Amino acid sequence: EVQLVESGGGLVQAGGSLRLSCAASGFTFDDHAIGWFRQAPGKERGALSCISSWDGSIFYSDSVKGRFTISTDNAKNTVYLQMNNLKPEDTAVYYCAALTELYHHSDYCGPYIMDYWGEGTLVTVSS
């Protein structure tokens, strides 16, 4: 079975950095899309960044472009999200999610199309 386990969340001051990790198992890591989403209290879950193994594409949302970087270690079946210059509005539960079959061209990073989800890790950014 597909499993996604996030780690690395915590409490940081504004301007600080964190690196989140997602350990994946149960699917072919070179035939997938995987990425990061977040959900703040009372708000919709939104996509932050995804990477596709089908064509190598990488997506970043406008809110994190230039601050966050997604990367993978294929040998370890692990995806990372390096988060720099954190802001209070980044406070949320961060989720790792995967898509194992591409149904629509270029549509690989959305909160309603991903197949599998981790349980999340909380990131709190204080002022």
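Residue numbers count from 1 along this sequence. All figures in this text were calculated on a predicted structure; none of them were measured in a lab.
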Assigning hydrophobic clusters by single linkage (Ile, Leu, Val, Met, Phe, Trp, Tyr; side-chain heavy-atom cutoff under 4.5 Å), is [X] placed with [Y]?
| X | Y | answer |
| --- | --- | --- |
| L20 | Y80 | no |
| M83 | L4 | yes |
| Y95 | I34 | no |
| I51 | L102 | no |
| I58 | V79 | yes |

(request) Could you check V64 against L81 for side-chain contact (heavy atoms from CB on, under 4.5 Å), going step by step and ending with a plain yes or no? (result) CA-CA 11 Å; V64 305; L81 186 68; over 6 Å; no
(message) Assess the residue pair V2 and D115 against the criterion (side-chain contact (heavy atoms from CB on, under 4.5 Å)); give the C-alpha distance rounded to whole Å, side-chain angles, the decisive distance to 0.1 Å, and a yes or no.
(response) CA-CA 9 Å; V2 173; D115 294 330; over 6 Å; no
(request) Please test Y94 against E6 for side-chain contact (heavy atoms from CB on, under 4.5 Å), starting from the C-alpha separation and ending with a verdict. (result) CA-CA 8 Å; Y94 283 67; E6 304 97 334; over 6 Å; no
(message) Please enumerate all residues that pass side-chain contact (heavy atoms from CB on, under 4.5 Å) together with I113, with sequence neighbours excluded.
(response) D107
Verify, without hydrogens or angle tests, whether [X] (side chain) and [Y] (backbone) share a donor-acceptor contact under 3.5 angstrom.
| X | Y | value |
| --- | --- | --- |
| S53 | A33 | no |
| S52 | W54 | yes |
| Y60 | I70 | yes |

(message) Can you give me the closest heavy-atom contact between A47 and C109, atom names plus distance?
(response) CB-SG, 3.8 Å
(request) Please report the closest heavy-atom contact between F68 and L48, naming both atoms and the distance. (result) CE2-CD1, 4.5 Å
For the atom pair [atom1] ([X]) and [atom2] ([Y]), what is the distance rounded to the nearest 0.5 Å?
| X | Y | atom1 | atom2 | result |
| --- | --- | --- | --- | --- |
| Q82 | T69 | CD | OG1 | 7.0 Å |
| S49 | K65 | OG | NZ | 10.0 Å |
| E101 | L99 | CD | CG | 8.0 Å |

(message) According to salt bridge (charged side-chain N to carboxylate O under 4.0 Å, His left out), does anything in residues 77-97 pair up with another residue at least two apart or in another chain? List the pairs.
(response) R38-D90, R67-D90
(message) Tell me if the aromatic rings of F37 and W117 count as close, with their centers under 6.0 Å from one another.
(response) yes
(message) Evaluate W36 against C22 for side-chain contact (heavy atoms from CB on, under 4.5 Å), listing each step before the verdict.
(response) CA-CA 9 Å; W36 293 94; C22 173; 3.6 Å; yes
Identify each donor-acceptor pair in which a side-chain atom of residues 120-127 lies under 3.5 Å from a protein atom, sequence neighbours left out, and give them as a table.
unit_1 : atom_1 : unit_2 : atom_2 : d
T121   : OG1    : G9     : N      : 3.2
S126   : OG     : V12    : O      : 3.4
S126   : OG     : Q13    : OE1    : 3.2

